[in-house]
Amino acid sequence: IELMPFGCANKFGDSKVIKTSEIKKIIEQSVGKMQILESGLGPAEVFCLPGAKGRIGFISALSDPDFCTRCNRIRLTANGFLRPCLHSEYQMDLLTPIRSGITDQVLGQLIEQCVAKKPLSHKLSCTQQTKLAKTIAMHKIGG
């Protein structure tokens, strides 16, 4: 996972991020060419080395312009808020309606409404950060 400028990591800036392309180059120079796999694992690009056991995945939130188009993730925080994007300030309170006794059908509708607000892209570069990225630690939002 590329370093994401959230909370305390915000101080490092774009120049300190080691891009996925650099990591891939180092791996391929030392052990051979990797083959991309169809993984279905959301924002991760997954690779293998021919003849090797296991796989390696890269989450390139900063260096891959197509990162958000592959993302199929949503986050449920410990305090019951659903976030359609880790990097968005939008969140929906699910805990209060659940505690009030809503049906599974209504809960499903709320989740669909929240997912519909998933942004097309994030503002994660250090020069375009959201207020959220500057003020909150990732562990508080499920990161």
Look up atom CG in Asp93 and atom CG in Asn79, then write down how far apart they are to the nearest 0.5 Å.
-> 8.0 Å
Straight-line distance of Arg55 CZ to Lys53 NZ, nearest 0.5 Å | 15.0 Å
Yes or no on side chain to side chain contact (heavy atoms under 4.5 Å, CB included) for Lys33 and Phe47, after CA distance, side-chain angles and deciding distance?
-> CA-CA 10 Å; Lys33 181 113 174 104; Phe47 294 82; over 6 Å; no
With respect to Met92, which candidate in Lys117, Arg83, Gln113 satisfies the side chain to side chain contact (heavy atoms under 4.5 Å, CB included) definition?
-> Gln113
Distance from Phe81 atom CZ to Leu95 atom CG, nearest 0.5 Å?
-> 8.0 Å
Ile111 vs Leu94 side-chain heavy atoms within contact, under 4.5 Å = yes
Is it true that a side-chain atom of Glu45 and a backbone atom of Gly57 form a donor plus acceptor pair closer than 3.5 Å?
-> no
Do Cys85 and Tyr90 come close enough that some side-chain heavy atom pair is under 4.5 Å?
-> no
Does Ser30 reach the main-chain N or O of Ile27 with its side chain, forming a donor-acceptor pair under 3.5 Å?
-> yes
Heavy-atom closest contact (Gly54 atom, Cys48 atom, distance) = O-CB, 4.0 Å
Under a 4.5 Å side-chain heavy-atom rule over Ile, Leu, Val, Met, Phe, Trp and Tyr, are Leu107 and Val115 clustered together?
-> yes
Would you find more than 12 non-hydrogen atoms of other residues, nucleotides or ligands less than 6.0 Å from Leu120 atom CG?
-> no
Shared hydrophobic cluster for Val46 and Ile26 (ILVMFWY, side-chain gaps under 4.5 Å) = no
Is any side-chain heavy atom of Lys19 less than 4.5 Å from a side-chain heavy atom of Ser60?
-> no
Pairwise distance CG(Leu49) to CD(Gln35) - rounded to 0.5 angstrom = 8.5 Å
Between Pro43 and Asn72, which heavy-atom pair has the shortest distance, and what is it?
-> CD-OD1, 4.1 Å
Under 3.5 Å, is there a donor-acceptor pair between the side chain of Lys118 and the main chain of Arg73?
-> yes
Rounded to the nearest 0.5 angstrom, the NZ-CD1 distance for Lys24 and Ile56 is 10.0 Å
From Leu82 CG over to Thr77 OG1, what is the distance, rounded to the nearest 0.5 angstrom?
-> 8.5 Å
